[in-house]
Every structure is written in C-alpha cells, then in structure tokens.
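Please read the structure below before turning to the comments.
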Amino acid sequence: MINEKMQNAFNDQINKEFYSEYLYLAMKAKFAEMNLQGFVNWFDVQVQEERAHGMGMYDYILERGGEVKLEAIDKPQIKGTTPIEIFEQVVEHEEYVTSRINALMDVAEEIKDRAALSFLDWYLKEQVEEESSVGGVLATLKLIGDDKKALLMLDKDLAARVFNPPVIG
Ligand code: MG
C-alpha cells in the first residue's frame with residue numbers, strides 16, 4: 001500500500017504531466033498556424049509522451065493500491081509567438097518538470113519508499129533526455145536566426161520524429 005503523502009505527491013504530478021500535454025497541444029496549434037508541419041509533428045509526439053508520463057504514474061498509484069485523484073487542469077499559457085520564444089518556454093517548462101520529479105524523490109526519500117524511488121528513477125532519466133532534446137531544438141533555432149530556408153530545413157528534420165510508447169518504471 002502506498003503512503004498517503006507519496007500518493008498525494010504522485011497525484012499532483014499526474015496533474016502536471018497532463019498540464020504539459022495540454023500546453024504542448026496548445027503550442028502544436030501555434031505551429032500549425034505558422035504552417036510549420038514538422039514542428040506540428042514534433043509537438044504531436046511530445047503530447048503523446050506527456051500523456052504516457054501521466055498514465056505511468058496513474059497506473060503506478062493503482063498498482064500500489066492507492067487512489068487516483070484527478071484535479072482540474074490549468075489553462076495553458078503560451079508566453080511568446082515566435083518559434084524561439086515558444087521553445088524558450090518549452091525549455092523552462094521541462095526544467096520545472098525536472099525540479100518537480102526531484103521534489104517527488106525528496107518525498108520518497110523522506111518516507112523511505114524505495115520502491116517509489118526506483119520507479120521515479122525512470123522519470124529522472126527521461127527528464128535528462130527531455131532537457132537535452134528541447135535544448136537542442138532551441139540552440140538550433142538560435143543559430144538559424146532569421147534564415148527562413150534554414151528554419152524549413154529544421155522543420156523537415158522535426159517531421160521525422162515518431163512516438164515510441166515508453167516502457168516506464
Ligand atoms: Mg513529462
């Protein structure tokens with residue numbers, strides 16, 4: 001049986017993962033408006049990943065005999081309008097998610113829930129990958145600057161991304 005404090009922390013993070021899904025869904029629409037279909041595809045994969053992250057914790061709570069409690073998801077707020085501005089926010093958001101996973105691990109450590117710690121290890125590694133991947137796109141966008149041709153080349157690259165359902169835990 002999962003400890004209640006741990007369960008609440010997981011439920012809170014499920015909400016944050018679903019918020020991430022919602023935020024990236026909103027960003028996907030912004031890139032569709034810009035007619036950058038490769039970015040649209042990239043965000044589509046990102047959306048599916050966030051859903052999988054949330055569901056991983058959802059399933060985990062149930063597996064440990066806990067209670068899943070879903071709360072309202074905040075309205076997504078997109079701060080910028082250009083690809084660079086949007087990706088600056090993506091990087092910032094993923095850094096925030098990493099800090100949240102660390103906080104979850106703090107709770108697991110505090111109550112000595114080693115099973116939860118081991119489960120969360122996957123999320124920590126995933127965040128290293130997420131930060132590297134989104135940071136890479138932002139760095140490329142900064143190199144591209146106002147070069148429309150180079151932006152279209154990046155768009156073509158991002159069109160190749162495919163969703164591989166993660167095996168969590
Ligand atoms: Mg996530």
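One-based numbering, in listed order, for ligands and for the atoms of each.
- At a cut-off of 2.8 Å, measuring from the Mg ion (ligand 1), the protein N, O or S atoms that fall short of it are Glu17 OE1, Glu50 OE1, His53 ND1, waters left aside.
- For Phe18, the ring-ring contact (aromatic ring centres under 6.0 Å, His included) criterion is met by no residue, not counting sequence neighbours.
- A donor atom on one side chain and an acceptor atom on the other are found under 3.5 Å apart for Gln127 and Glu94.
- Val45 belongs to a hydrophobic cluster whose remaining members, ordered by chain and number, are Phe163; membership requires side-chain heavy atoms of ILVMFWY residues under 4.5 Å apart, directly or through intermediates.
- Ring-centre distance between Tyr60 and Trp122: not below the 6.0 Å cut-off.
- Applying the salt bridge (Lys or Arg N to Asp or Glu O under 4.0 Å) rule to Lys79 yields the partners Glu92; only residues at least two apart in sequence or on another chain are considered.
- A salt bridge is absent between Asp44 and Arg161; no separation between the charged side-chain nitrogens and carboxylate oxygens falls under 4.0 Å.
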